[in-house]
Student: 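Please see the structure below; I have some questions.
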Amino acid sequence: MAQDRIGSPPPERIAVVRALRGLGDMLCTVPALRALRASLPRARITLVGLPAARVLQERFAHYLDDLLEFPGFPGIPEVAADPARLPEFFANVQGRFDLALQMHGSGTHSNPFTILLGARDAAGFYLPSLWCPDPDRFTAYPAHLNEVRRWLALMEFLGIPPAGESLEFPVTAADEERLGSAWPERRDGRYVCVHPGATDRERMWPTERFAAVADALAAEGLVPVLTGTEGEKEITAAVVRSMRSKAVDLAGRTDLGALAALVRDAELVVCNDTGVSHLAAALSTPSVIIFSASDPERWAPLDLELHRAVGEVMPERANSCRHTADVDGHRCLRDGCSSLMIEGRASWSPAGIDEALGQARELLGAARTG
C-alpha cells in the first residue's frame with residue numbers, strides 16, 4: 001500500500017532536506033508541506049536548509065518546527081563542503097529522525113546526503129539512470145512537472161493526500177508596521193510593484209524595458225514602486241534613471257515581511273522569474289512575469305489567469321537546464337537538472353515591451369471590472 005511508504009508506525013520526527021537559496025524554491029514546497037502536516041499533525045518536522053532559511057522556517061512554523069543547518073556536501077553547490085566537518089555532523093544526527101525526505105532536487109547528490117542522516121526510512125526522487133536508494137520509497141524524478149506539482153507528486157507517491165495547490169505567505173501586523181517605516185508617504189493610492197532584479201543575471205529583463213512599462217503604467221494613474229534587495233539597488237536606480245515619470249525606489253529598504261505587505265496591497269507586480277513572482281502568487285496579487293532564461297512550465301505560477309508568463313519561444317534551444325547555457329553535449333548532473341530527460345523543450349527569450357504592457361493592462365482591466 002502507498003501509505004506503507006512513510007513507515008509504520010507513522011514517523012514522529014521528520015527531516016525535510018531542502019538546502020536551496022531562493023525564496024521561490026521554498027514557497028513552491030509549501031503545498032507539499034501543508035499536505036505533510038495535515039497527514040501527520042503530531043510529527044516534529046525539521047527543515048534541513050541554509051541558515052538564511054531560518055526566517056522562512058519561523059514564518060511557516062505551522063508546518064516546520066525547526067531548522068537544522070545544512071553543513072554542505074560534495075556536489076551540492078549552495079554551501080562549500082567541508083569534509084572535516086561532515087563526520088561529526090552525521091554522527092550527531094544518527095537516530096534523530098524517523099523519516100528523511102529528500103526535497104532538494106533530482107537526488108544526484110542530495111540522495112546520498114539524505115541517506116547519511118541515518119533516519120529509520122528515507123524517501124524522495126532519483127534519476128532513473130542513477131542510483132535508487134530504495135525502490136519502495138524513491139520514485140523517478142518528474143522533470144516535466146511544475147515545481148509545485150512535483151513535490152505534491154512525491155507526497156502522493158508516499159500515500160499523503162494533497163491539501164490544495166495554492167501557495168501562501170502569512171503577513172503580520174509587524175510586517176505592515178515595518179512597511180510603514182520604509183515608505184511613510186504611502187497612502188491608499190494605487191501602485192504597481194516593479195521588481196527588475198533576479199538572482200541570476202541571465203534571467204533579468206533589460207532595465208530600460210522595465211522603465212518603459214513603469215512609465216506607461218504611471219501615465220494611467222499607478223505609482224511605480226521599485227523593489228529589490230540591498231544588492232539590487234544599482235539595478236533599481238538604473239530603472240529610475242531611464243524613466244520619465246516619478247517612482248518610489250524601496251530597494252534595500254524592506255525586509256521580506258514588509259515586502260510581502262507591499263506586494264499584497266499592490267494592484268500589480270511586474271517582475272523577472274524570481275522569488276517575488278512566487279510571493280505575488282502566494283498573496284494572490286496579479287503579476288506579469290518575464291521569462292528570459294528559465295522554464296515557465298516549471299516555474300510559472302499555476303494560475304495563468306491571474307499571473308501571466310511572457311516571453312518569446314525559442315524552440316531551437318533544446319536544453320532547459322538552469323545550471324548552464326551550453327546545449328550541445330550537455331551532461332549536467334546537478335540536483336534539479338532535467339536536461340537528461342527533456343529533449344527538445346523550448347526555452348524562452350525576453351518579452352517585448354508591448355507584450356508585457358498588454359498583459360499588465362489586461363490584468364488591471366480585469367481587476368477593475370471584477
Student: If hydrophobic clusters are built by linking Ile, Leu, Val, Met, Phe, Trp and Tyr wherever their side-chain heavy atoms come under 4.5 Å apart, do Tyr63 and Leu283 end up in the same one?
Tutor: yes
Student: Does the distance from a Lys or Arg side-chain N to an Asp or Glu carboxylate O, for Arg85 and Glu88, drop under 4.0 Å?
Tutor: no
Student: Looking at Glu12 and Arg42, is there a salt bridge between them, counting it only when a charged N and a carboxylate O are closer than 4.0 Å?
Tutor: no
Student: On a heavy-atom basis, which atom in Pro196 and which in Asn272 lie closest, and how many Å separate them?
Tutor: O-ND2, 2.8 Å
Student: Between Thr46 and Asp66, does any side-chain donor sit less than 3.5 Å from a side-chain acceptor?
Tutor: no
Student: Hey, which of Phe138, Phe157, Tyr141 is the one that makes ring-ring contact (aromatic ring centres under 6.0 Å, His included) with Phe125?
Tutor: Tyr141
Student: Is a donor on one side and an acceptor on the other found under 3.5 Å between the side chain of Arg13 and the backbone of Ala119?
Tutor: no
Student: Looking at Arg18 and Glu147, does any basic side-chain N land under 4.0 Å from a carboxylate oxygen?
Tutor: yes
Student: Indicate the atoms forming the closest heavy-atom contact of His307 with Ser287, along with that distance.
Tutor: ND1-OG, 2.7 Å
Student: Taking the six-membered ring for Trp, are Phe89 and Phe113 parallel (under 30°), tilted (30 to 60°) or perpendicular (over 60°)?
Tutor: parallel
Student: Quick check: does any side chain N or O of Arg209 sit under 3.5 Å from a backbone N or O of Ile353, one acting as donor and the other as acceptor?
Tutor: no
Student: How close do Val269 and Val192 get, counting heavy atoms only, and between which atoms?
Tutor: N-CG2, 4.5 Å
Student: When you compare the side chains of Thr172 and Asp175, does any donor N or O come within less than 3.5 Å of an acceptor on the partner?
Tutor: yes
Student: Could you tell me whether Arg37 and Asp65 have a side-chain N and a carboxylate O separated by less than 4.0 Å?
Tutor: yes
Student: Quick check: closest heavy atoms across Pro41 and Ala38, and the distance to 0.1 Å?
Tutor: CD-O, 3.8 Å
Student: Run the side-chain contact (heavy atoms from CB on, under 4.5 Å) test on Trp205 and Asp273 for me, step by step, so that the C-alpha distance in whole Å, both residues' side-chain angles and the decisive distance to 0.1 Å come before the verdict.
Tutor: CA-CA 10 Å; Trp205 208 35; Asp273 171 35; over 6 Å; no
